[in-house]
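Report on one structure; see the data block that follows.
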Amino acid sequence: MMNVLLGLVYWIGRMFRNAFAVLGTLVALAIVLVVLLNVWSALTEPGLPDKTVLALDARGGFDDSPMPVAFGRPPMSFIDIIFALKKASADPRVKGLVLRVGAGGIAGAHVQELKQAIDAFKAAQPDRFVLAQAGSFAGPGIGQYYLASLADEVWIQRTSEFGAVGMLSTTVFLRGALDKLSARADMGQRYEYKNAANVYTETDYTPAHREATTRLLQSVYDVLTADIAARRGMDVAAFKALIDNGPYLTDGAIAAKLADRIGFYDDVEDVAKGKAGDGAEIVPLADYYEREGSPYDHPYANDGTIALIAAEGPIVDGASSESAWDGRQMGGDTIAAAIRAAAEDDGVKAIVLRVNSPGGSALASDVILDQIRKAQGKGKKVVVSMGPVAASGGYWISMYADEILASPATITGSIGVLSGKLIVADTYRLVGLNPAQIGIGANANFQSEFAVWTPEQRLKFEAGLDQIYTSFTQSVAEGRKLPIETVREIAKGRVWSGLDALDRKLIDRFGTLDDALQEAIKLAGLNPAARINVRLYPQISAWDAFWASLGGVASTAGRLEALGAALDSETAKAVMRLIGDSERVGGQEIRMREEIR
């Protein structure tokens, strides 16, 4: 009997070995086939036309940094676009650029960076041109029109609307809905300008909230309108008057000299090919970049590597992720590991930290900052390039950099902290649910959404906020070499535009991502004319991104669906969608929340 069993085990083992051998062979063959197909494609694909016009669809704006996808080609990130335009600047085959604009928002800092990139692209070779076409300019934001104004001609579709009529910030206050649900937000903030807490505790703007938001909008608006007016050859006051008189129909926009010609996108393509010369072709910028690569792509035989670390999204504890529900999230552990890897690599001569984040977890932000300080301790210079937003936790991870560059329209600052919890015991009782708890330990219910803080617990909660705020402000003073009294005056949770941040020494100078790379090259003692390699961190594979995108969605959706069913009303469901996991305020947060268009 034993021999029979041993024989069976041996047979099963042999079958498994054979199966794995076959599987391994198939995988190897698949890899070889993919390589051969790529080689064949490279050998047979027609080269770039001698007269090429690049095309960029900017409708809806861009993610700041690239994120791989498991299937298909990911959309171009803003970093990709900047690198592609720099590569194209030195390419004599590229005769011009066509921009498709108009729909959806785009960050003010992004369009300001594109201004420098497009100007350099045009200046690199004579007779280069840029054309822009919009179906319409959807309001109220002026970012898309700012981008269009960078072109030599602005085309607008017939029977459309010019709706770029200003800037608008929208805050949805939840207090009234929470009252209807018998829920209460027990919050703490440092200090009056830390406005995210107001969403839960107020029904309208507080004086401090209104003051800070108004100044932020006005500052960015003044910067953008001044640039647009100069591009369109207008006086700034006259241009603002035109904007205030909008929206316009197509003919009105042409008459006001806000647009130059009427036509559809294919009409603009035809004109662009005519300008480029016989045989010219339109090539999407993404196709060009995929074929030609980055101007900083020199992984071998280079004179030094600059680590470009993409720090994008709300800051959370643990690993970075991206999902349909929460969007992209910056994991403290992921970014810290990327900084540590760059610091320990002798080939990396300096680090550029590209920050596009409204903040988030104070603990995760400090984990990232710790690795920045340790990298500097190893002799690596760190330059921060601020994208559209680098506020709260986004500023926390930036404040010790050797140099901080931002755009005038960057949203930064928000040096403060908030925390709290929603008390929902009475909400459950509205529908006959009665939450009851048994705890071991005097403060076992400290974080419970069913328990109101005792006076002693409230003191502990406030002490936690004070500890983080004190650490934040003292670190800003040390990192930025400012008197602590000055920091306390400009902190209080207030957001600043890059323009105002420069005046308050929260940044060092205005500059783009490419400026930050050049600064890092200089600080590292490298020759700017040398072959510099830029390596993007964190190194996330397409499959890592795919599996991360699946995490958290089911639990979040399931929880909200269950509570939405229990509270069967449109108000309740709307409130729960607005709160969500990403809007719950559990633990200390350093985050700026505002929707600005």
Side-chain angles (χ1 to χ4, degrees), residues 58 60-83 104-107 109-110 113 196 286 308-339 352-365 367-368 384-398 410-412 414 513 536-557 577-584 589-596:
F62 315 98
D63 287 334
D64 197 64
S65 58
M67 174 62 77
V69 296
F71 307 103
R73 184 172 66 186
M76 288 194 85
S77 70
F78 185 75
I79 291 175
D80 293 333
I81 291 166
I82 293 300
F83 285 175
I106 187 170
H110 275 172
E113 287 201 52
L308 174 56
I309 299 176
E312 181 168 14
I315 303 172
V316 298
D317 297 318
S320 296
S321 65
E322 183 169 17
S323 69
W325 185 271
D326 292 323
R328 188 177 300 188
Q329 295 190 321
M330 183 203 314
D333 291 352
T334 300
I335 301 302
I339 297 168
V352 172
L353 184 68
R354 174 69 175 189
V355 180
N356 183 35
S357 172
S361 164
L363 294 176
S365 300
V367 167
I368 296 171
V384 163
S385 170
M386 290 183 170
V389 181
S392 294
Y395 192 79
W396 184 298
I397 66 178
S398 305
T410 294
I411 299 172
T412 189
S414 194
L513 171 61
L536 185 67
Y537 292 80
Q539 298 287 312
I540 301 174
S541 71
W543 284 109
D544 288 339
F546 173 72
W547 291 117
S549 72
L550 300 180
V553 177
S555 60
T556 301
R577 282 197 299 270
L578 284 168
I579 296 173
D581 263 4
S582 62
E583 298 295 306
R584 290 287 295 273
E589 287 203 352
I590 38 177
R591 181 182 301 201
M592 184 281 300
R593 292 193 186 96
E594 205 83 50
E595 180 192 347
I596 297 176

For this session: Flag the pair L308 / F83 as yes when at least one side-chain heavy-atom distance between them is below 4.5 Å, and no otherwise.
Result: yes
Problem set entry | H110 and F78 aromatic ring geometry - parallel, tilted or perpendicular at 30°/60° bounds | parallel
Problem set entry | Closest contact, heavy atoms only, P358 versus V389 | CA-CG1, 3.8 Å
Exercise. If every non-hydrogen atom of M330 is compared with every non-hydrogen atom of G313, which pair is closest and at what distance?
Worked result: CE-O, 3.6 Å
Exercise. If you take all heavy atoms of A310 and S65, which pair is closest and at what distance?
Worked result: CB-CB, 3.4 Å
Exercise. Do T410 side-chain atoms and G387 backbone N/O form a donor-acceptor pair below 3.5 Å?
Worked result: yes
For this session: Report yes if some heavy atom in the side chain of P388 is under 4.5 Å from a heavy atom in the side chain of D64; otherwise report no.
Result: yes
Exercise. In Å and rounded to the nearest 0.5 Å, what is the CD1 to OG distance from I368 to S357?
Worked result: 8.0 Å
For this session: Would you give the length of the straight line joining atom CE of M76 to atom CG of D63, rounded to the nearest 0.5 angstrom?
Result: 12.5 Å
Problem set entry | Smallest separation among heavy atoms of I315 and S365, with atom names | CD1-OG, 3.5 Å
Problem set entry | CD1-CD1 distance between I309 and I335, expressed to the nearest 0.5 angstrom | 7.5 Å
For this session: Heavy atoms only: give me the nearest L513-E113 pair and the separation to one decimal.
Result: N-OE1, 2.9 Å
Problem set entry | Any side-chain heavy-atom pair of F62 and D80 under 4.5 Å | no
For this session: Indicate yes or no for a side-chain donor-acceptor contact from S392 to the backbone of S414 under 3.5 Å, with no hydrogens or angles considered.
Result: yes
Problem set entry | Considering all heavy atoms, the nearest S385-V352 contact | CB-CG1, 4.3 Å
Exercise. Are the side chain of R354 and the backbone N or O of I79 linked by a donor-acceptor pair below 3.5 Å?
Worked result: no
Exercise. Are any of the side-chain heavy atoms of S361 and V316 separated by less than 4.5 Å?
Worked result: no
